[in-house]
Amino acid sequence: MLLSSRQLTLGNTSVRMRDPQRVEETLRCMQKAGLNTLQVISDFDMTLTRFARNGKRCPTSHNILEISKMISSECKEKLKDLLDKYYPIEIDSSKTIEEKLPLMVEWWTRAHALIMQQKIRKDQLTLAVQESDAMLREGYQEFFDCLNQHSVPLLIFSAGLGDVLEEVVRQAGVFHPNVKVISNFMDFDETGVMTSFKGELIHIYNKREGALLNTGHFEELRSRPNVLLLGDSLGDLTMADGVQEVEKVLKIGFLNDKVDERLPSYLNSYDIVLLKDETMEVPNAILDFLVAD
Ligand code: TMP
Ligand code: MG
């Protein structure tokens, strides 16, 4: 059995589990229940996309915009200052979520206020993504294609920029009909210039509220009470809170940065923790297992 040891190495991938037996039981239940009872909920930045490649950081959906030609150099500098100030707080394991929350709201609010001033053109987003180093994790094609082939709904639930991430998924050729995105979407005027963001802000720690605002989506999926959840932040753990009559949830966490410091809290909250893994190898192995019945 693939997931039978406390610490399992798949290629260069380090897999950790607090309770491997529970993982195995959950997977067996999910397999027995069948793929027509499954839905997948995944974060985007640094979960579906790579964290780094050859030692160089890969961009988040915000970064794609930040480094593009659409943004003035003054705005680039300000967004970079915000990143330098707030990202260390995001990954600081000595602070609680309650302590970080107001600071993360501050980051998102300030970054989005800057972005809104930039008169971003909808038709320039394609080029911005083409020119970026954005990259879905190795094995993404198999992951997206397998879910589509078996009609398993994939919800991408992101505190990033919806218009940008949709373009990344589209350019990778995997924006299949089973994919739905909940994220921060831009509002454009009739000439295609961005004026504001639509709806409520989604930041790293209010995905629960975001989920509860989208009851329609989860209502449609009422017959799919089993959830595979993929995330890279502790804020991603609440993404399945909108799921109705939930039965089994298996949470897979990518731990990309400050691994030693953050491992205990990740092991406490994610069922499977993947250490500095830039691939979809483990989610794909799990899908293989669930598909085989
Ligand atoms: P996610 O929910 O899709 O992972 O998106 C959240 C990530 O976006 C989080 O890791 C921080 C990152 N981010 C930036 O890179 N730049 C920004 O300006 C903001 C507000 C967030
Ligand atoms: Mg993320």
Side-chain angles (χ1 to χ4, degrees), residues 41-52 57-68 70-71 75-92 97 100-118 120 128 132-137 154-169 179-186 197 200-211 229-241 251-258 262 266 269-270 273-274 277-278 280 283:
I41 304 180
S42 179
D43 168 54
F44 184 74
D45 292 305
M46 311 296 118
T47 296
L48 289 177
T49 54
R50 290 183 71 123
F51 178 77
R57 283 291 305 270
C58 293
T60 61
S61 50
H62 281 93
N63 300 152
I64 291 173
L65 203 64
E66 189 184 315
I67 54 185
S68 75
M70 287 186 281
I71 302 278
C75 181
K76 280 186 172 44
E77 225 165 90
K78 287 184 181 162
L79 286 169
K80 168 90 173 45
D81 288 347
L82 293 180
L83 182 74
D84 292 344
K85 174 174 175 184
Y86 293 106
Y87 178 67
I89 302 171
E90 179 190 333
I91 60 164
D92 185 348
I97 291 186
K100 293 184 200 185
L101 183 115
L103 298 161
M104 293 298 105
V105 174
E106 204 173 275
W107 182 12
W108 259 257
T109 309
R110 292 174 71 180
H112 284 200
L114 287 168
I115 290 168
M116 277 192 274
Q117 292 166 3
Q118 291 298 300
I120 287 161
S132 76
D133 293 326
M135 211 178 284
L136 296 171
R137 284 181 191 273
L154 166 61
L155 171 65
I156 301 178
F157 195 161
S158 169
L161 301 173
D163 305 81
V164 177
L165 83 82
E166 283 196 347
E167 194 54 38
V168 174
V169 177
V179 177
K180 170 168 166 107
V181 179
I182 298 178
S183 187
N184 298 303
F185 283 95
M186 300 172 182
F197 281 96
E200 297 294 317
L201 171 74
I202 300 175
H203 58 75
I204 193 163
Y205 292 129
N206 73 347
K207 290 193 171 181
R208 179 183 156 75
E209 288 77 3
L229 180 149
L230 278 68
D232 80 299
S233 132
L234 297 180
D236 295 327
L237 290 157
T238 60
M239 292 189 299
D241 284 13
K251 297 175 178 164
I252 304 172
F254 288 92
L255 180 47
N256 301 308
D257 206 359
K258 295 248 171 112
R262 298 203 287 164
Y266 274 60
S269 37
Y270 279 104
V273 182
L274 305 174
D277 177 359
E278 297 292 356
M280 293 302 275

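Counting starts at 1 for both ligands and their atoms, following the listed order. The figures here come from the full heavy-atom set of this structure, side chains too, leaving out hydrogens, waters and symmetry mates.
Within the 4.5 Å cutoff, side-chain heavy atoms of D257 are placed close to those of R262. A heavy-atom distance below 4.5 Å is found between the side chains of F254 and M280. Residues E90 and M104 meet the side-chain proximity criterion, which asks for heavy atoms closer than 4.5 Å. For the pair I202 and S158, the minimum side-chain heavy-atom distance is 4.5 Å or more. A heavy-atom distance below 4.5 Å is not found between the side chains of I204 and W107. Using a 4.5 Å heavy-atom cutoff, the side chains of Y270 and L230 are not in contact.
At under 3.5 Å, not a single nitrogen or oxygen of L79, backbone or side chain, sits near a nitrogen or oxygen of ligand 1. Residue D45 has at least one N or O atom closer than 3.5 Å to an N or O atom of ligand 1.
Contacts of S158 with ligand 1, taken as heavy-atom pairs under 4.0 Å, involve both backbone and side chain.
Between H62, K78, R110, M46, it is H62 that holds the heavy atom closest to atom 16 (N) of ligand 1. Distances from atom 20 (C) of ligand 1 to the heavy atoms of F44, W108, Y86, Y205 show the closest one on W108.
F197 and M186 make their closest contact through CE2-CG, 3.9 Å (heavy atoms, listed as atom of the first residue, atom of the second, distance). Between A111 and L82, the shortest heavy-atom distance links the atoms N-CD1, 3.6 Å.
For the pair E66 and K76, the salt-bridge criterion is not met [side-chain N within less than 4.0 Å of a carboxylate O].
Ligand 1 is approached by D43 to a heavy-atom distance shorter than 4.0 Å. The shell of residues lying under 4.0 angstrom from ligand 1, judged by heavy atoms, excludes H203.
Counting the atoms of ligand 1 from 1 in the order shown, those under 4.0 Å from a heavy atom of K207 are 2 (O). The contact set between ligand 1 and T60, taken as ligand atoms under 4.0 Å from a residue heavy atom, comprises 14 (C), 15 (O).
Checked against F51 for a side chain to side chain contact (heavy atoms under 4.5 Å, CB included), the options T60, D277, N256 give a single hit: N256.
Among protein heavy atoms, the minimum distance from atom 11 (C) of ligand 1 is reached at E90 OE1, 3.2 Å.
Shown here are the protein N/O/S atoms lying under 2.8 Å from the Mg ion (ligand 2), water excluded: D43 OD2, D45 O, D232 OD1.
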